[in-house]
Amino acid sequence: MNHVEYLSKLVPFGNASFKDIISELQDTPSISIETKCITVVKDHCRKGVGLIILTGNAGHGKTFICREVLFDFLNKDRSDSDHFKDISKLLLGEEISDKGVESGEGKKLVVHKDLSDMSTYQAADLLHKGLSAAKSKATLVCVNEGRLRETINEIKDPDTKKRIRAGLEHCINDGVSSTDSDLTFINMNYQSVTAIRSDGTTLVEQTLKEWLDNDALWLPSGEHGLDNCPIMRNRELLISGTNESKRRRHGIVFLFRLAELFGHSTTIREMIMTLAYIITGGLTFEDVKNRNRGNDKQWQSKYAFHQLIFGEGRTESELELLPLLKKIKCFDPSRCSWRKSDDNYIVGMDRATQKDSDLSFDHLGNKRDAHETMQGGHVEGTGTESGDEEAESIKKAVILLRRRDFFDLWSEDSQEENLLNQERANRLGLLNYSSFERLLNDSENCENEKKELIKALHALQGITPWNHHITTSKLRLLHSAFIKANSDYSPINREIKKGLIEINSEPQAWRANDGSLKKISDTCDWRHNNLYLKIDNKELLLTLERYSYLIKASEGYYAKSFYSSDVERIQNFLSNLSSTADDCEEDTLKIVSLDGVKEYTIDNNQIEYN
């Protein structure tokens, strides 16, 4: 099986072979992606002591880590086929979870690769035994978080139950992976495929490097016997070595990052499947040969990497198999006009040749004359009186060019990645992307952002953000019964000064960790994705999507039906803050209206305007 066939089998559409992406089913060594999780688990297991609980959703790589740990612990070579078969057999057997294995240094390791394979009573007993024997052997347990919580409830020993439950809560609430030397939590739900690692790359970039840059995996140019092969064209566009390919790779990483900022937790398996699809589209060289024999001579652009990412070639049921791709398709740059870039797509001279196969597409009409765009693509003229067909062709050309330009950024001279990503965000209408990323890394200087959020929270209570009488130096909370009423005259139940409002990133929210404990960031490739608006020790989670909506709301753009779930959650947050007011002046009633805030004195059940 050649490299392209291997990649096509990772694509979960059509005749996908899932044994190539699920560790237990693999017959031969596959791609080895080094992550911080793998390194940390190997180090812990090598010591031969402690209970290590590895938690995360399906696809994060828990079983793959178990296999890599066994290679390391038993000093086996993963590239040796006999060693690989031995470890694979061991992984599928019961020995590693029963008696365990012993290293050459006399250390002992027991591995439970999935507690979901047994009852919660059995799993609870295994956790108790693993912690009780932590000083004499290492026990590696893999389990998803929901199953772990169920299992903890079934532990009979009160001390074990208390310690494991407290450890899990510390991990989630305080960002702590371990408080004791004999109990460690490694939560792969915090793993990010776009985290910048010690070598300056991300997991996405490492995978692209291993798949695209290794010439030994690919047939030499011309030997595959294919003309205009979209797979080879994708490799040509993405292989490292030029500033253009570097930009394109960063553009792919940027899309993965946007998915994370919009709340999508990308697993290693999902990253692998998506990148394999971006490169091959699920095709093999044999498929390309068959397509070239057909009548369709300009089909290649449908399989260009930018078209595979944003194009319409997949059904809804297929996209359900790859949620990350479905999420990324929401960021299609062809839906937005951006004058700065669109001016580069002017139709120019007549020409009937084509330079770049990824910028070609099926033409309309039978005319041979074609218009060449400034970037090399061409669309065929029709010469019809109405010009409808030609207009449709130009529209298709612009869609194609916008998608390619999203990665190339032809009009940008800068090589600064942050500036290029801001340009991409602007083209998607995400004008608050840079502000959000800055706050993730430094939320100390956020006075302007706090003012905007105060205006937004006023707007969601029905207090117009255009009312200059309403100051942003304090957050005014309506009586909880009026927050959703949008009345012209509503009573203010509470006022909170701006200085008491905090915008925190996850590391700040986890500041309770005094620094002496091992943190989440020490155990996995982690990159924080969320902000927390903290008021009265109550926190409102802000993803990039919710933050962008609030900034728009501060400018008077509500769109409450489209963001109905977010609006409901934010209003409930405000109602909860308002209902816990303990600083109200009982003899004063404040009413907010279009004319501003008016105070009334309550005396003997009479209301008197001040």
Side-chain angles (χ1 to χ4, degrees), residues 204-205 208 212 230 233-259 275 278-279 281 298 300-313 325 328-349 351 353-363 370-380 391-431 433-434:
V204 174
E205 290 171 297
L208 289 173
L212 295 175
R233 176 59 177 165
N234 286 338
R235 188 196 179 208
E236 179 186 343
L237 291 170
L238 295 173
I239 192 171
S240 64
T242 65
N243 287 331
E244 289 77 17
S245 62
K246 183 178 180 180
R247 278 193 183 187
R248 294 173 194 131
R249 287 192 182 190
H250 284 168
I252 293 174
V253 174
F254 175 73
L255 288 173
F256 278 66
R257 176 63 176 155
L258 280 186
L275 291 178
I278 288 172
I279 295 170
Q298 292 173 322
Q300 290 88 353
S301 68
K302 297 175 184 176
Y303 288 89
F305 79 92
H306 44 87
Q307 287 293 94
L308 290 172
I309 292 173
F310 297 122
E312 298 77 29
L325 183 63
I328 288 176
K329 284 184 179 294
C330 297
F331 306 126
D332 186 356
S334 71
R335 299 174 184 172
C336 304
S337 62
W338 190 249
R339 181 69 178 269
K340 185 179 177 182
S341 62
D342 286 2
D343 280 350
N344 290 292
Y345 311 145
I346 297 174
V347 177
M349 299 169 56
R351 186 176 176 185
T353 58
Q354 176 61 48
K355 293 178 182 177
D356 297 334
S357 62
D358 68 296
L359 294 179
S360 178
F361 55 89
D362 295 328
H363 301 317
H371 299 301
E372 182 189 24
T373 68
M374 291 179 67
Q375 302 304 332
H378 75 279
V379 292
E380 186 170 334
E392 184 64 26
S393 287
I394 293 173
K395 178 181 176 182
K396 291 173 69 175
V398 169
I399 288 175
L400 198 62
L401 291 165
R402 280 178 178 170
R403 288 171 176 169
R404 166 78 178 271
D405 189 17
F406 179 81
F407 297 96
D408 285 37
L409 297 178
W410 292 314
S411 59
E412 293 296 315
D413 296 326
S414 172
Q415 296 299 319
E416 176 62 40
E417 186 178 352
N418 290 336
L419 294 177
L420 298 179
N421 282 342
Q422 179 58 57
E423 172 68 17
R424 293 188 178 101
N426 289 342
R427 296 189 186 190
L428 299 176
L430 301 173
L431 304 182
Y433 163 80
S434 287

Original post:
So, the side chain of K329 versus the backbone of I309: is there a donor-acceptor pair under 3.5 Å, distance only?
Top reply: yes
Original post:
Are side-chain heavy atoms of L420 and H250 found at a separation under 4.5 Å?
Top reply: no
Original post:
Between R403, R404, K302, which is the residue that forms a side chain to side chain contact (heavy atoms under 4.5 Å, CB included) with Q307?
Top reply: R403
**OP:** With rounding to the nearest 0.5 Å, note down the distance linking CD1 in I239 to CG in L208.
**Re:** 11.5 Å
Original post:
With distance as the sole test, does R424 use its side chain to make a donor-acceptor pair with the main-chain N or O of F254 at under 3.5 Å?
Top reply: no
Subject >> Salt-bridge contact R248-E244 (side-chain N to carboxylate O under 4.0 Å) >> reply: no
Original post:
Looking at CG of L325 and CG of L275, how far apart are the two atoms once the value is rounded to the nearest 0.5 Å?
Top reply: 11.0 Å
**OP:** Kindly compute the distance separating CG (L237) from OG1 (T242), expressed to the nearest 0.5 Å.
**Re:** 9.0 Å
**OP:** Can you see which heavy atom on L238 is nearest to which on I252, and at what distance?
**Re:** CD2-CD1, 3.9 Å
**OP:** Starting at CG of N421, measure out to CG of L258 and round the result to the nearest 0.5 Å.
**Re:** 8.0 Å
Original post:
Going by heavy atoms in the side chains, are R402 and W338 under 4.5 Å from each other?
Top reply: no
**OP:** Looking only at non-hydrogen atoms, find the nearest pair between L255 and I328 and report the distance.
**Re:** CD1-CG2, 3.9 Å
**OP:** Could you pull out the closest heavy-atom pair between S245 and S240, with the gap in Å?
**Re:** OG-CA, 3.7 Å
Subject >> Separation between CZ of F256 and CD of E205, rounded to the nearest 0.5 Å >> reply: 11.0 Å
**OP:** Take W410 and L401 through the test side chain to side chain contact (heavy atoms under 4.5 Å, CB included) and record every step on the way to the result.
**Re:** CA-CA 10 Å; W410 292 314; L401 291 165; 3.9 Å; yes
Original post:
NZ/K396 to OG/S334 distance, rounded to the nearest 0.5 angstrom?
Top reply: 13.0 Å
Original post:
Checking N234 side chain against Y303 main chain: does a donor-acceptor pair fall under 3.5 Å?
Top reply: yes
**OP:** Measure from the side-chain N and O atoms of D342 to the backbone N and O of S337, and report whether any donor-acceptor pair falls under 3.5 Å.
**Re:** no
Original post:
Would F406 and F331 satisfy side chain to side chain contact (heavy atoms under 4.5 Å, CB included), going step by step from the backbone distance to the final call?
Top reply: CA-CA 11 Å; F406 179 81; F331 306 126; 6.0 Å; no
**OP:** May I ask you to say whether R247 pairs ionically with D408, meaning some side-chain N is under 4.0 Å from a carboxylate O?
**Re:** no
